[in-house]
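A short worksheet on the structure shown next.
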Amino acid sequence: MSTLDWLVLFLTLFLIVAYGVYKSRDIKNIDGYLLGNRSLPWYNVGFSVMATQASAITFLSAPGLAYSSGMSFVQFYFGLPLAMIVLCITFVPIFHKLKVFTAYEFLEKRFDVNTRVLTALLFLIQRGISTGITIFAPSIILSTILHIDVTYTTLVIGSVVVLYTVYGGTKAVSFTQLLQMGIIFAALLLAGVMVIQLLPQEIGFSEALHIAGKSGKANAIDFNFDLNNQYTVWTGLIGGFFLQLSYFGTDQSQVGRYLTGSSVRDSRLGLLMNGLLKVPMQFAILLIGILVFAYYQYNTPPLFFNELETNKLQNSEYRAEYESILQSHQKVSTDKTAIINDLTDGLHSNDDAKVDKAREQLATLNAEDKVLRDQVIDLMVKNDEKADTNDNNYIFLSFVTSTFPKGLVGLLIAVIFLASMGATASAINSLASTTVIDIYKRFVNKQANDQQYLNASRLFTLIWGILTIIIALFASKLGNLLEAVNILGSLFYGTILGIFLVAFYVKAIGGKAVFYAALITEVIIFTLWNQDVMAFLWLNLVGCVGVIAIGYLLQMVYFQKQKSTH
């Protein structure tokens with residue numbers, strides 16, 4: 001990072017924080033702190049919803065996932081537009097009509113306090129852990145740039161975000177996110193253009209896509225129905241639909257965003273805006289990843305992208321072995337460039353035989369490179385048993401810092417920070433609001449005044465902030481952060497969604513039945529996940545259907561028992 005990069009980074013962050021603080025200067029009560037006085041327009045709601053979901057993980061891990069596995073992850077979002085339509089028709093008007101602070105207040109009115117508390121606790125566990133992961137993501141950036149341990153950068157970044165959130169509340173978060181998303185969209189467009197500009201002069205956008213495609217990276221659509229395949233059209237449309245419906249309909253970090261809308265119309269328009277823009281945005285981010293892959297077909301990529309780990313090898317007893325592997329990697333990379341040139345010539349001349357031969361040779365060299373990479377990972381583990389052997393989250397970051405011009409590096413790093421701030425602030429705010437409304441106000445202090453509840457909200461925001469920082473310190477063990485967050489959500493969201501669907505549509509099932517059905521379903525979900533029976537997205541469907549089916553059976557048993565006693 002040059003001086004100009006640091007200047008761009010700090011100015012961008014200062015502008016965002018100052019804007020959020022300015023907009024939240026008039027907070028006087030809990031309604032203003034937790035829901036921004038329910039006064040925000042639809043576009044503010046829409047950008048806030050998007051920014052809450054699009055954390056730093058999105059911009060760090062998604063390009064790395066595309067680089068290593070291809071475009072298939074985009075199918076994860078195929079159920080999102082459908083989920084937004086269902087939410088607009090059902091959830092939004094009910095929440096607005098009841099004027100609730102959290103989604104879980106409704107459950108006590110429909111069932112009982114036990115179901116409300118259970119659902120709130122499931123949310124707090126899941127969201128608390130996933131927020132720790134979103135704090136960890138930008139910590140990787142500072143760690144890589146400054147070459148210091150990620151523990152220290154996690155503590156610094158977590159503290160900054162927590163202090164900002166404690167002061168500003170929801171209003172600061174929402175207005176800040178509006179500006180953040182504008183900067184993020186502009187920077188993504190600029191990043192895509194820059195990657196194409198860095199390719200050889202004779203290689204344009206379409207050629208880069210062909211090269212990625214022939215290497216198996218452009219696999220965006222898969223219609224195979226396979227329960228063990230993580231990303232297909234069906235897992236996205238069905239499993240993804242239930243995950244997104246639960247996330248946006250029952251997760252307070254999102255419900256709290258659209259409850260800030262000034263009317264049902266504004267909340268609906270904000271959600272529909274998210275449904276229309278999210279899939280193209282995610283596609284564009286993944287596309288940048290495969291363009292980076294195309295770039296590295298003409299330039300030697302790092303064999304392992306986490307410089308902190310490779311630097312340890314350079315300074316260890318395994319240095320000679322490591323450098324020997326690097327020489328072999330350089331040769332493979334040179335050979336690969338020659339074959340890519342043949343592939344490009346074949347594409348330009350429509351010579352299918354030449355293209356097929358080049359593709360086979362490319363597959364062979366990629367396999368050789370994978371063997372060399374595995375050898376490096378083995379050396380890393382020999383040198384340090386605790387070495388981080390997953391570098392997916394470092395791929396895009398390494399590319400940006402090594403190739404982009406001065407100033408633009410700082411802007412891209414700022415984008416990742418902004419995304420982290422927006423998602424983390426929303427999450428910590430929702431954790432605090434759920435704790436205050438569903439536990440503190442309901443059981444601990446029922447008769448406090450507005451100022452006391454406002455103080456309690458700030459206190460619990462601070463407490464949850466500290467807890468999520470502690471969780472972030474262990475996030476490096478979770479592999480690809482984007483997948484880790486979605487797997488974690490899939491363990492809980494299906495059950496939570498099932499509880500809400502019963503509340504809205506299945507009047508025959510009572511509170512006791514749905515409470516025990518939720519507990520049984522969670523045991524089933526964790527068993528299926530632990531035994532690796534199916535792809536994680538299907539767990540959302542299992543959870544939702546499980547609560548409804550088991551709840552219905554328990555209600556029937558309870559009804560028969562009551563009938564027999566009379």
Side-chain angles (χ1 to χ4, degrees), residues 1-2 5 56-57 59-69 136-154 157 195 198 289 292-293 295-337 365-404 409 412-413 416 473-484:
M1 290 261 290
S2 66
D5 289 318
I57 296 170
F59 302 101
L60 275 179
S61 295
L65 197 60
Y67 180 95
S68 58
S69 306
F136 176 72
S139 305
I140 294 173
I141 301 169
L142 269 189
S143 174
T144 303
I145 293 171
L146 301 178
H147 298 283
I148 59 177
D149 195 281
V150 73
T151 301
Y152 302 118
T153 56
T154 300
I157 291 173
V195 179
L198 288 167
V292 171
F293 175 84
Y295 168 83
Y296 277 127
Q297 303 310 298
Y298 295 94
N299 300 272
T300 304
L303 195 49
F304 194 81
F305 284 88
N306 184 347
E307 288 184 20
L308 286 175
E309 297 295 344
T310 55
N311 286 341
K312 289 179 186 177
L313 274 184
Q314 288 279 18
N315 298 312
S316 73
E317 60 184 293
Y318 302 103
R319 178 176 179 175
E321 290 179 65
Y322 175 58
E323 290 185 345
S324 175
I325 295 171
L326 285 183
Q327 288 176 4
S328 300
H329 169 60
Q330 179 66 54
K331 182 180 183 306
V332 169
S333 183
T334 303
D335 294 343
K336 195 186 294 186
T337 301
L365 289 176
N366 283 332
E368 288 180 23
D369 224 16
K370 185 179 184 305
V371 171
L372 294 173
R373 175 182 162 84
D374 290 341
Q375 290 174 0
V376 168
I377 291 174
D378 288 342
L379 285 181
M380 286 165 48
V381 174
K382 281 183 184 178
N383 184 52
D384 180 5
E385 290 182 357
K386 297 181 179 179
D388 181 5
T389 58
N390 188 318
D391 62 344
N392 237 340
N393 305 308
Y394 296 85
I395 292 172
F396 184 57
L397 177 64
S398 173
F399 170 75
V400 167
T401 53
S402 63
T403 61
F404 277 22
V409 175
L412 264 295
I413 302 301
I416 298 171
L473 296 174
F474 297 94
S476 62
K477 308 301 178 187
L478 298 176
N480 185 280
L481 299 180
L482 191 61
E483 287 189 323

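Side chains included, hydrogens not; waters and symmetry mates left out as well; all remaining heavy atoms used. All values reported here derive from a predicted model rather than from experimental measurement.
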query: For the atom pair NZ (Lys336) and CG (Asn299), what is the distance rounded to the nearest 0.5 Å?
result: 11.5 Å
query: Taking C-beta and beyond as the side chain, do Thr337 and Thr334 meet within less than 4.5 Å on heavy atoms?
result: no
message: If we ignore hydrogens and angles and just use 3.5 Å, is the side chain of Ser69 paired with the main-chain N or O of Ala66 as donor and acceptor?
response: no
- request: Could you check if a side-chain atom of Tyr296 sits within less than 4.5 angstrom of a side-chain atom of Pro302, using non-hydrogen atoms only?
  value: yes
- request: Please round to the nearest 0.5 Å and tell me the distance separating atom OG of Ser139 and atom OH of Tyr152.
  value: 14.0 Å
message: Under a 4.0 Å threshold between the charged nitrogen and the carboxylate oxygen, would Lys382 count as salt-bridged to Asp378?
response: no
message: Using only atom types and a distance under 3.5 Å, with no angle test, would you say the side chain of Ser333 pairs donor to acceptor with the backbone of Gln297?
response: no
message: Can you tell me how far apart CG (Asp384) and CD (Glu309) are? Round to the nearest 0.5 Å.
response: 6.5 Å
- request: Work out which heavy atom in Val150 is nearest to a heavy atom in Thr153; give both atom names and the distance.
  value: O-OG1, 2.9 Å
task: Tell me, please, which residues at least two apart from Asp369 pass side chain to side chain donor-acceptor pair (under 3.5 Å).
output: His329
message: Any heavy-atom pair between the side chains of Phe304 and Leu313 that's under 4.5 Å?
response: no
task: May I ask you to test the Val195-Phe404 pair for a side-chain heavy-atom distance under 4.5 Å?
output: yes
message: If I take atom NZ from residue Lys331 and atom CG from residue Leu365, how far apart are they, to the nearest 0.5 angstrom?
response: 8.5 Å
- request: Indicate the atoms forming the closest heavy-atom contact of Ile325 with Leu372, along with that distance.
  value: CG2-O, 3.7 Å
query: Just how far is it from atom CG of Asn315 to atom OH of Tyr322, taken to the nearest 0.5 Å?
result: 11.0 Å
Which atom of Ser398 lies closest to which atom of Thr401, heavy atoms considered: O-OG1, 3.2 Å
message: Nearest 0.5 Å, please: how far is CG in Asn366 from CZ in Arg373?
response: 12.5 Å
- request: Considering non-hydrogen atoms only, spot the tightest contact between Asp391 and Asn306 and give its length.
  value: CB-N, 3.9 Å
field: Partners passing ring-ring contact (aromatic ring centres under 6.0 Å, His included) against Tyr394 (at least two apart in sequence or in another chain)
entry: none
task: In sequence, state the C-alpha distance, the side-chain angles, and the governing distance for Phe305 and Tyr67, and then conclude on ring pair (Phe, Tyr, Trp, His ring centres under 6.0 Å).
output: CA-CA 12 Å; Phe305 284 88; Tyr67 180 95; 5.6 Å; yes
- request: With the side chain counted from C-beta on, respond yes when Gln314 and Thr310 share a heavy-atom pair under 4.5 Å apart, and no when they do not.
  value: no
